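Beneath this line is the structure, given in structure tokens, with notes to follow.
In each ligand, atom 1 is the first atom listed, and ligand 1 is the first ligand listed. None of the values given here were measured: they were computed from a predicted structure.
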Amino acid sequence: MHRLVFVCTGNTCRSPMAELLFNKFIDQHKDLGDWQAISAGLSVTPGQTASRNTHKILAEEENIDSSNHISQQITEGLLKEVDLVLTMTRQHKGILEDKYPEYANKIYTLKGFVSLEKGYDIIDPYGHSEEVYRKTKEEIKEQLSSIVGKLNQFIYEDAGKSKTLTNNNYRGDTMKIAIGSDHAGFELKKEIIKYLEKQGYEYKDMGTDNCDSVDYPDFGYQVANAVSNEEYDKGILVCGTGIGMSIAANKVSGVRAALCHDVFSAKATRNHNNSNVLTMGSRVVGIGLALEIVRVWLGEDFEGGRHQKRINKISEIERGEY
Ligand code: RB5
């Protein structure tokens, strides 16, 4: 028997929906595999029942009784014992990976795992109307209809104390990354590319291709332009200091390039500035720190809200409308 845990924030809406819908589905398709789902939350008031709308919609539309559901906090013990962790958002995934890096290889977002398409998050319906809950339920159900095929692609290796999931076809959350460097950043770029490959990210290396002296704006522009015209979701640029690349990339419309040489800034710039290009200096950071910065920067989400207003002002400055 394989076990998977669906994770949301409070374990009263999205993750219990996913758990109960999954278990019903697998019950009706026993030939598809021996799986059982449970659910948990990242920030739980223990002992809560499923929210009123969750209970109502599951009962009325799916003939599922959720009255036995009791909320529980995700714990290290739970993570250790399950085979797969499917979170509702990238932020949930990032939080779990940061706290429990040793289990990162079995943590995915539900949408990333199932569809490998854009639109990575199942939005929280908490506090919204019944209609919003209904849409959330339909969205989760849609993912679940193709989940079993994906589950069966996985190969299980019993790696001592924790099981390891591997799937050669898995390509991360299908975030597309453009990466570039000048001669000074070339070696570090190679290390970052190795990391991206290992993590299953889709990427394009836009040069330079060796350590011969080149001009960083040529490559900064390529990557920034690919992000600006939405061919790629994010960009990573490396030069000697990271400064030239950030100056060049920030000249391209719609690009918010962030020079980061520490993990705090990498996180904050995603959360607050919604930076879409990361720049680093190979003469400033070592490989270990650089890869950690990349990991955190790629895993973090924009928080929106008051930060969006500020980003709108940056766009106004860019358009000369400020
Ligand atoms: C190249 O020597 C160096 O100037 C470049 O890599 C970068 O640091 C520019 O900001």
Glu202 side chain vs Met175 backbone, donor-acceptor pair below 3.5 Å
no

Any nitrogen or oxygen of Tyr216 lying under 3.5 Å from a nitrogen or oxygen in ligand 1? Just yes or no.
no

With atoms numbered from 1 as shown, which atoms in ligand 1 lie under 4.0 angstrom from a non-hydrogen atom of Gly240?
5 (C), 6 (O), 7 (C), 8 (O)

Are there protein heavy-atom neighbours of atom 10 (O) of ligand 1 below 4.0 Å?
yes

Salt bridge check, Lys137 against Glu62: does any charged N sit closer than 4.0 Å to a carboxylate O?
yes

How close do Ile123 and Thr136 get, counting heavy atoms only, and between which atoms?
O-OG1, 4.0 Å

Is the closest basic N to carboxylate O distance between Lys194 and Glu197 below 4.0 Å?
no

Strictly below 4.0 Å, N to O, side chains only: are Glu131 and Arg134 in salt-bridge contact?
yes

In the protein, what heavy atom is nearest to atom 6 (O) of ligand 1, and what distance, to one decimal place, separates them?
Asp182 OD2, 2.5 Å

Considering only the protein, which heavy-atom contact is closest to atom 7 (C) of ligand 1, and what is its distance?
Cys239 SG, 3.3 Å

Does this structure show an ion pair linking Asp98 with Arg295, if we count only N-O contacts that are shorter than 4.0 Å?
yes

Taking only heavy atoms of Thr241, which atoms of ligand 1 are found under 4.0 Å from at least one of them?
7 (C), 8 (O), 9 (C), 10 (O)

Under-4.0 Å heavy-atom contact with ligand 1, by part of Ala184 that carries it
side chain

N/O of Gly244 under 3.5 Å from N/O of ligand 1, yes or no?
yes

The protein heavy atom nearest to atom 2 (O) of ligand 1 is Arg283 NH1, 3.3 Å

Ion pair present between Lys106 and Asp83, side-chain N to carboxylate O less than 4.0 angstrom?
no

